[in-house]
Amino acid sequence: MSQYKSDFISKLVERQYLHQCTDIEALDAKAAGGPVTAYIGFDCTAPSLHVGSLVPIMLLRLFQQTGHKPIVLMGGGTTKVGDPSGKDDQRKLLDDAAIAANMAGIKSVFKKFLTFGDGPTDAVMVNNADWLENLNYVSFLRDYGRHFTINRMLSFDSVKLRLDREQPLTFLEFNYMILQAYDFLELANRHSVSLQMGGSDQWGNIINGVELGRRVAEKQLYGLTTPLLTTASGAKMGKTVDGAIWLNEDALSAYDYWQYWRNCEDADVGRFLRLFTEMPIEEIERLEKLEGAEINDAKKTLADEATQLCRGDKAAELARSTAETTFEQGGMGEDLPSIDIARAELDAGIGVLAAFTMAGLSISNGEARRLIRGGGAKVNDQAVSDEKATISSEQINSDGVIKLSAGKKRHALIKPV
RNA sequence: GGAGGAGUGCCCGAGUGGCUAAAGGGGACGGGCUGUAAACCCGUUGGCUACGCCUACGUUGGUUCGAAUCCAACCUCCUCCA
């Protein structure tokens, strides 16, 4: 039983997506009355989005599934300016080619989560470079700049934090919030967008847009943010062993993606199941109550569901069976990361240090050496004690590969070719 | 334009002539405990063809037997003044 009338807001609250909203009752009423159009912007700062962006993506998906029209805004224009929110220093400025390449990489992931098309609730993708690039500076300032006071802009966290810490904030970055506000207005005009959503760090940027819409167009716009996701122990989401958890499959293997979810903290399982899977809430409530070793089942389910959404059923299944063989049976699954090494080279023998580095288990020979000294390096599950040991064809096991392990969790296979 | 302050390893931050590959903390990695959690404990944390060599304390030069430490110029940032 929910206090909200609309399917969207009820689910939003039930699945813990809501952090702040400009006017939840009014938005609820509007959503109950028919399809609403909302957008979320994504800047093109990297060739792939990572799990930090997954909450907004899942939110768009939920929005669409509850009968509304999502718009994905690619920040082709705003990326050139750089959002200062939550950052201490200015990012390196990206050139047009890099932005275009990043955008191409990012675009692909949305097709997995949203249905695009021309229908009333089909998703649409737009690029703010289309309207930002050709703005006339002076007219823009006269038309919109007069609606922003410096006094107010200085009070926003994105600006205030930077100034308080005596970190430089350039005029370029200072303009970001104005451009984002303008985006909202532009989308309201072009696509009848009435709601902008985003992470909680976007709150300031979003309400600027809501206010601008009211002032220059007398439009009633809404803003809504999701909580900033950290793990139960306070770490930022998405960073781990080898860096970010990328959504694109060419940036991170399905196996590693699956593993990421499988290794989440106990205390996060329930929340993650709500946010990142579409399991019925009753089932989630059952799973999150599991204790001790049993909660591992809930984590596997989480990993399965999350991987299916982002990488497909087959990839999820393969990742799971690989993980089960590797960890539960001490064997090795076919989906472990692997490298090909020429048979002749193997016959001659390769130093362990080099082998670990080639397999991506260490970044340098020095690190491989430390791994060995710490007792964490294994070849075919046998601990390596000699840094000068070599790996050769003789160690190819019955499966035709050599298994290297760094610690308990990181494994790689050497495949002779 | 003037005056003052600052720039150190992935990050924060100590270090004001040799004992400094650079304290301490964070992060990360490895080990232990466990459940492929968390918390906690221990270890490691520039590179290499490794009892040695190379690279590193904003940049470039200089002083010195010897510099992250002294000097000069330059670059960048902060604060105050005009």
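Below, read A as the first sequence line, B as the second, and so on, with proteins coming before strands; counting in each chain starts at 1.
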Which whole number of Å gives the distance between the P atom of B/G9 and that of B/C53?
25 Å

Under 3.5 Å donor-acceptor, A/R262 side chain and A/T301 backbone:
no

For A/A377, report the nucleic acid contact type (base, sugar-phosphate, nothing); a contact means any heavy atom under 4.0 Å.
nothing

Kindly indicate, with the supporting measurements, whether the criterion salt bridge (Lys or Arg N to Asp or Glu O under 4.0 Å) is fulfilled by A/D157 and A/K160.
CA-CA 5 Å; A/D157 275 357; A/K160 194 161 164 285; 5.2 Å; no

With rounding to whole Å, what would you report as the distance between B/A67 and B/G61 at their C1' atoms?
14 Å

Could you state the CG-P distance from A/L353 to B/A50, rounded to the nearest angstrom?
11 Å

Check every strand shown and say whether A/R262 touches a base, only sugar-phosphate, or nothing at a heavy-atom separation below 4.0 Å.
base

Just by distance, no angles: are the side chains of A/S253 and A/D256 close enough, under 3.5 Å, to form a donor-acceptor pair?
yes

Can you confirm if the aromatic rings of A/W261 and A/F276 lie within a centre distance of less than 6.0 Å?
yes

Atom NE2 of A/H411 to atom C1' of B/G30: distance rounded to whole Å?
14 Å

From CZ of A/R369 over to P of B/A50, roughly how many Å is that when rounded to an integer?
8 Å

Indicate yes or no: at least one non-hydrogen side-chain atom of A/L346 is less than 4.5 angstrom from one of A/Q395.
no

Given the P atoms of B/G43 and B/U49, what is the spacing between them in whole Å?
28 Å

Considering only side-chain heavy atoms of A/A323, which listed nucleotide, B/A38, B/G30, B/U36, is closest?
B/U36

Separation of B/A38 P from A/E291 CD (nearest whole Å)
18 Å

Taking CZ from A/R162 and C1' from B/C78, how many angstroms apart are they, rounded to a whole number?
14 Å

If the P atom of B/G32 is compared with that of B/U36, how far apart are they to the nearest Å?
13 Å

Roughly how many Å apart are B/G26 and B/A14, using the C1' atom of each and rounding to a whole number?
15 Å

Using a heavy-atom cut-off of under 4.0 Å over every strand shown, decide if A/G292 touches base, sugar-phosphate, or nothing.
base

When rounded to the nearest Å, what value does the distance between P atoms of B/G27 and B/C33 take?
23 Å

Stem list, RNA chain B (Watson-Crick or G-U pairing under 3.5 Å, at least 3 consecutive pairs):
B:1-7 with B:75-81, B:10-12 with B:24-26, B:27-32 with B:40-45, B:46-48 with B:52-54, B:58-62 with B:70-74

Looking only at atom C1', what distance separates B/C10 and B/C42, rounded to whole Å?
23 Å

Pairwise C1' distance, B/C57 and B/G17 [rounded to whole Å]:
15 Å

Glycosidic torsion of B/C51 (syn if within 90° of 0, anti otherwise) classifies it as syn

Whole-Å gap separating C1' (B/G30) and CZ (A/R373)
13 Å

Ring-ring centroid check A/F327 A/H411, cutoff 6.0 Å:
yes

A/N365 side chain near B/U49 phosphate (N/O to OP1/OP2, under 4.0 Å):
yes

Please determine whether a side-chain nitrogen of the Lys or Arg among A/D7 and A/K11 lies less than 4.0 Å from a carboxylate oxygen of the Asp or Glu.
yes

Are any of the side-chain nitrogens in A/E294 or A/K299 under 4.0 Å away from the carboxylate oxygens of its partner?
no

What contact category does A/E294 fall into here, base, sugar-phosphate, or nothing, at under 4.0 angstrom with non-hydrogen atoms?
nothing

Within the pair A/K409 and B/G30, is there a side-chain N or O less than 4.0 Å away from OP1 or OP2?
no

